[in-house]
Asker: 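Got a structure here, written out as structure tokens. Questions coming.
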Number of protein chains: 2
Amino acid sequence: MNVAEQPTPAGGHLSSVEAAVLSLRERRRRDTEIEVSSAALDLFEKNGVAATTIADIARAAGISDRTFFRYYSSKEETVLDFQQWFRTPTREWLTTGITDGPVLEQLEAVCVGVLRQLDGPNRDAANRLRRIRALMKTEPSLRAVSAMLDDERAYSLADQIVESFHGRVSLTEARLTAEIVGVGLRTACQMWSARLDNGDDATLEGTYQAVRSTIHSLTAPSAL
Amino acid sequence: MNVAEQPTPAGGHLSSVEAAVLSLRERRRRDTEIEVSSAALDLFEKNGVAATTIADIARAAGISDRTFFRYYSSKEETVLDFQQWFRTPTREWLTTGITDGPVLEQLEAVCVGVLRQLDGPNRDAANRLRRIRALMKTEPSLRAVSAMLDDERAYSLADQIVESFHGRVSLTEARLTAEIVGVGLRTACQMWSARLDNGDDATLEGTYQAVRSTIHSLTAPSAL
DNA sequence: GTCAAAGTGGCATAGTGTGCCATGACGGCG
DNA sequence: CGCCGTCATGGCACACTATGCCACTTTGAC
């Protein structure tokens with residue numbers, strides 16, 4: 001697992017395992033993705049999301065409008081693809097790492113692993129995440145597309161869980177598990193970003209743990 | 001509260017208190033909304049969402065394209081406005097009905113009240129909800145817009161909670177509360193719709209209670 | 001009846017999203 | 001090296017989405 005040529009690429013994409021053997025084409029695609037994503041983020045910060053057109057982004061990234069849509073299906077997605085960070089670890093868990101403990105805890109452990117990466121070795125990824133979260137505070141269209149993507153991800157994650165757990169988990173449980181983790185992650189990111197803006201130094205992992213325990217205390221204690 | 005002229009309008013909109021004194025303008029607007037919403041639902045069921053253009057809907061509803069955008073900002077929203085059913089009861093709770101019990105439970109009680117309406121006196125609203133849920137199973141764009149609206153609603157609901165509870169609830173708790181209830185409602189609607197498709201007869205309220213207890217058991221029991 | 005406010009439709013225009021096709025680069029193979 | 005299937009790109013065309021502007025009508029208050 002010797003990652004030499006890309007000591008974490010500019011965009012802040014997680015350069016975990018997959019950097020192993022990329023063909024030239026794949027590497028160029030990766031480069032273009034980073035170029036587009038990073039150009040878009042700059043433009044969004046400078047002019048706002050609404051005032052930035054796809055043509056602007058494409059020009060700044062050195063590609064044609066037509067090609068833009070072969071990479072992303074909307075301008076908002078260009079900066080929201082950080083959600084992919086969870087995809088590979090999740091797939092690995094589902095294919096080889098399942099234990100017989102509670103599903104929710106296992107999934108949370110996977111996420112904590114990713115967050116720990118962001119707190120530690122993957123600072124530029126975390127910085128990019130922070131810039132995006134800052135934008136999301138003032139850009140409803142980013143929140144909208146983010147909600148869309150989150151939902152789609154939770155939807156398909158639930159299906160994968162049901163399949164991988166082979167009947168031990170109902171679809172309802174899987175859906176709720178996926179959604180609860182999603183809510184937690186989203187909220188943790190918001191809080192983390194807010195705390196950093198206040199001058200405090202918070203970690204993503206720590207913030208997520210706090211959120212987790214808040215969820216716990218909200219749902220559990222009310223005797224009923 | 002004598003509702004004479006509209007014994008629950010075609011579209012299935014909740015005709016609760018607000019039907020009291022509507023000016024002519026307001027009533028015509030309501031009528032147009034129902035006309036559009038109902039025409040859109042028919043077209044979506046017949047031709048699919050993607051194949052239905054805004055021009056189609058507008059023509060079917062007897063308005064111009066330009067006017068369409070003064071009612072809804074996308075074709076998907078025309079059928080997803082049922083989320084508004086929760087708005088009035090929620091506002092009433094926040095302005096006059098707050099107790100000092102746990103926030104989550106209070107909000108859940110509000111939602112259960114709405115669901116009970118749908119199970120009982122407001123059958124046509126429930127039927128409309130079911131048609132929409134059926135569409136959502138096969139129409140990703142509807143799910144996408146729905147996720148967008150849900151998120152926006154949760155976002156603003158959290159702000160309102162913080163304000164109304166005047167410091168007794170943190171923003172984080174409010175956000176999580178709003179999101180958890182949202183997740184529960186969404187999941188309950190899905191399950192309810194799925195059960196009806198299976199021939200079982202489920203109530204929205206009962207399904208929601210089941211979801212609620214599943215959330216409870218997912219988050220609480222893992223000792224830790 | 002008069003008038004301000006609001007709703008409506010038509011027009012123009014910017015931006016979004018996709019199919020189609022020609023061109024050129026990649027990568028395997030003889 | 002040179003051939004060729006595969007893939008990525010850019011340009012073009014086209015349909016749809018979305019909004020601003022303006023003229024016209026309706027509503028509702030005086």
Side-chain angles (χ1 to χ4, degrees), chain A residues 5 20-37 39-40 43-44 46-81 139-146 148-149 152, chain B residues 5 20-37 39-40 43-44 46-81 139-146 148-149 152:
Chain A
E5 299 182 15
V21 212
L22 288 180
S23 74
L24 184 91
R25 270 180 185 162
E26 284 167 323
R27 221 175 315 134
R28 291 188 73 157
R29 179 169 185 94
R30 203 47 103 195
D31 288 349
T32 306
E33 274 175 6
I34 295 171
E35 195 74 31
V36 172
S37 164
L43 287 171
F44 288 169
K46 189 156 51 150
N47 307 325
V49 175
T52 304
T53 69
I54 286 176
D56 294 336
I57 300 172
R59 189 150 20 83
I63 59 174
S64 72
D65 296 20
R66 187 64 191 81
T67 300
F68 175 91
F69 288 105
R70 294 196 174 97
Y71 282 84
Y72 299 98
S73 49
S74 75
K75 58 186 177 187
E76 286 86 2
E77 275 185 32
T78 58
V79 297
L80 292 172
D81 59 353
E139 296 279 0
S141 71
L142 277 184
R143 287 203 298 274
V145 177
S146 180
M148 249 180 52
L149 296 174
E152 197 174 339
Chain B
E5 299 183 15
V21 213
L22 288 179
S23 74
L24 183 90
R25 269 182 186 160
E26 285 166 324
R27 221 175 318 135
R28 292 188 73 157
R29 180 172 184 92
R30 206 45 102 196
D31 287 349
T32 305
E33 274 175 6
I34 294 171
E35 196 73 34
V36 171
S37 164
L43 288 170
F44 287 170
K46 187 155 55 147
N47 307 324
V49 176
T52 305
T53 70
I54 286 174
D56 294 336
I57 300 172
R59 188 150 22 83
I63 59 173
S64 72
D65 297 19
R66 187 63 191 84
T67 300
F68 175 92
F69 288 104
R70 294 196 173 97
Y71 282 85
Y72 298 97
S73 50
S74 73
K75 58 186 176 186
E76 286 86 3
E77 274 185 32
T78 57
V79 296
L80 293 172
D81 59 353
E139 296 280 358
S141 71
L142 277 184
R143 287 201 298 273
V145 176
S146 179
M148 250 180 52
L149 296 175
E152 197 175 338

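In what follows, chains are A, B, ... by sequence order, proteins preceding strands, each numbered from 1. Because the structure is predicted, anything quoted here is derived from the model rather than measured.
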Asker: Determine yes or no for a side-chain-to-main-chain donor-acceptor pair under 3.5 angstrom, with A/E77 supplying the side chain and A/S74 the backbone.
Answerer: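 Absent.
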
Asker: Please round to the nearest 0.5 Å and tell me the distance separating atom CZ of A/R70 and atom OG1 of A/T32.
Answerer: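 Here the interatomic distance stands at 12.5 Å.
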
Asker: Quick one: how far along DNA chain C does chain A reach, first to last nucleotide 5' to 3', anything under 4.0 Å to a heavy atom?
Answerer: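 For DNA chain C, the relevant span reads C/dG15 to C/dG27.
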
Asker: In Å, rounded to the nearest 0.5 Å, how long is the span from CZ of B/R25 to CZ of B/R28?
Answerer: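 The CZ atom of B/R25 sits 10.0 Å away from the CZ atom of B/R28.
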
Asker: Does A/K75 reach the main-chain N or O of A/A40 with its side chain, forming a donor-acceptor pair under 3.5 Å?
Answerer: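 Not a single qualifying donor-acceptor pair exists.
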
Asker: List the residues meeting side-chain hydrogen bond (donor to acceptor under 3.5 Å, both in side chains) with B/R29, not counting sequence neighbours, and say none if there are none.
Answerer: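 For B/R29 there are no side-chain hydrogen bond (donor to acceptor under 3.5 Å, both in side chains) partners, ignoring immediate neighbours.
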
Asker: Strictly below 4.0 Å, heavy-atom distances to any atom of DNA chain D: list the hits from residues 54-62 of chain B, or just say none.
Answerer: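 Those residues are B/I54.
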
Asker: From CG of A/D31 over to C1' of D/dT9, roughly how many Å is that when rounded to an integer?
Answerer: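 Taking atom C1' of D/dT9 as the reference, CG of A/D31 is at 16 Å.
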
Asker: Got a second to check how far B/L80's CG is from B/M148's CE, nearest 0.5 Å?
Answerer: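 The distance works out to 9.5 Å.
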
Asker: Tell me, do A/I57 and A/F44 make a side-chain contact under 4.5 Å, heavy atoms counted?
Answerer: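 When only atoms from C-beta onward are counted, A/F44 and A/I57 do touch, with a gap below 4.5 Å.
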
Asker: Okay, side chain of A/S37, backbone of A/T78: is any donor-acceptor separation there less than 3.5 Å?
Answerer: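 Yes, because the side chain of A/S37 sits within donor-acceptor range (under 3.5 Å) of the backbone of A/T78.
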
Asker: What's the OH-P distance between A/Y72 and D/dT9, to the nearest Å?
Answerer: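 Atom-to-atom, A/Y72 to D/dT9, this comes out as 12 Å.
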
Asker: Side chains of A/Y72 and A/D81, heavy atoms from C-beta outward: is any pair under 4.5 Å?
Answerer: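 Sidechains of A/D81 and A/Y72: in contact.
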
Asker: For B/R66 and D/dT19, give me the distance from atom CZ to atom P, rounded to whole Å.
Answerer: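 For the pair B/R66 CZ and D/dT19 P, the rounded distance is 8 Å.
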
Asker: Strictly distance-based, threshold 3.5 Å: is any side-chain N or O of B/E76 a donor or acceptor partner for the main-chain N or O of B/V145?
Answerer: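 No; judged by distance alone, with no hydrogens or angles, the pair does not exist.
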
Asker: State whether the number of non-hydrogen atoms from other residues, nucleotides or ligands found under 6.0 Å of B/E152 atom CD is greater than 12.
Answerer: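 No.
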
Asker: Between the protein and nucleotides 5-8 of chain D, list the N/O to N/O atom pairs that are separated by less than 3.5 angstrom.
Answerer:
{"unit_1": "D/dT6", "atom_1": "O2", "unit_2": "A/R25", "atom_2": "NH2", "d": "3.2"}

Asker: Could you tell me whether the phosphate oxygens of D/dA18, OP1 or OP2, come under 4.0 Å of any side-chain nitrogen or oxygen in B/S74?
Answerer: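 False: B/S74 side-chain N/O out of range (4.0 Å or more) of D/dA18 OP1/OP2.
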
Asker: By nearest heavy atom, map B/F68 and A/T52 onto DNA chain C; which one lands nearer the 5' end?
Answerer: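 So the residue in question is B/F68.
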
Asker: Taking atom P of D/dA18 as reference, at what distance in whole Å does atom CG of B/D65 sit?
Answerer: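 In whole Å, D/dA18 P lies 12 Å from B/D65 CG.
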
Asker: Here's a test of your reading of the structure: between A/F69 and A/A51, which maps to the more 5' nucleotide of DNA chain C?
Answerer: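 The 5'-side residue here is A/A51.
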
Asker: What are the two closest heavy atoms between A/A51 and A/N47, and how far apart are they?
Answerer: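 Closest pair (atom of A/A51, atom of A/N47, distance): CB-O, 3.4 Å.
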
Asker: When the axes are fitted on five pairs at both termini, how much does the helix from C/dG1-D/dC30 to C/dG30-D/dC1 curve, in 10° steps?
Answerer: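 One end axis against the other gives 10°.
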
Asker: Could I get the full list of side-chain hydrogen bond (donor to acceptor under 3.5 Å, both in side chains) partners for A/D65, not counting sequence neighbours?
Answerer: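 A/D65 satisfies side-chain hydrogen bond (donor to acceptor under 3.5 Å, both in side chains) with no other residue.
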
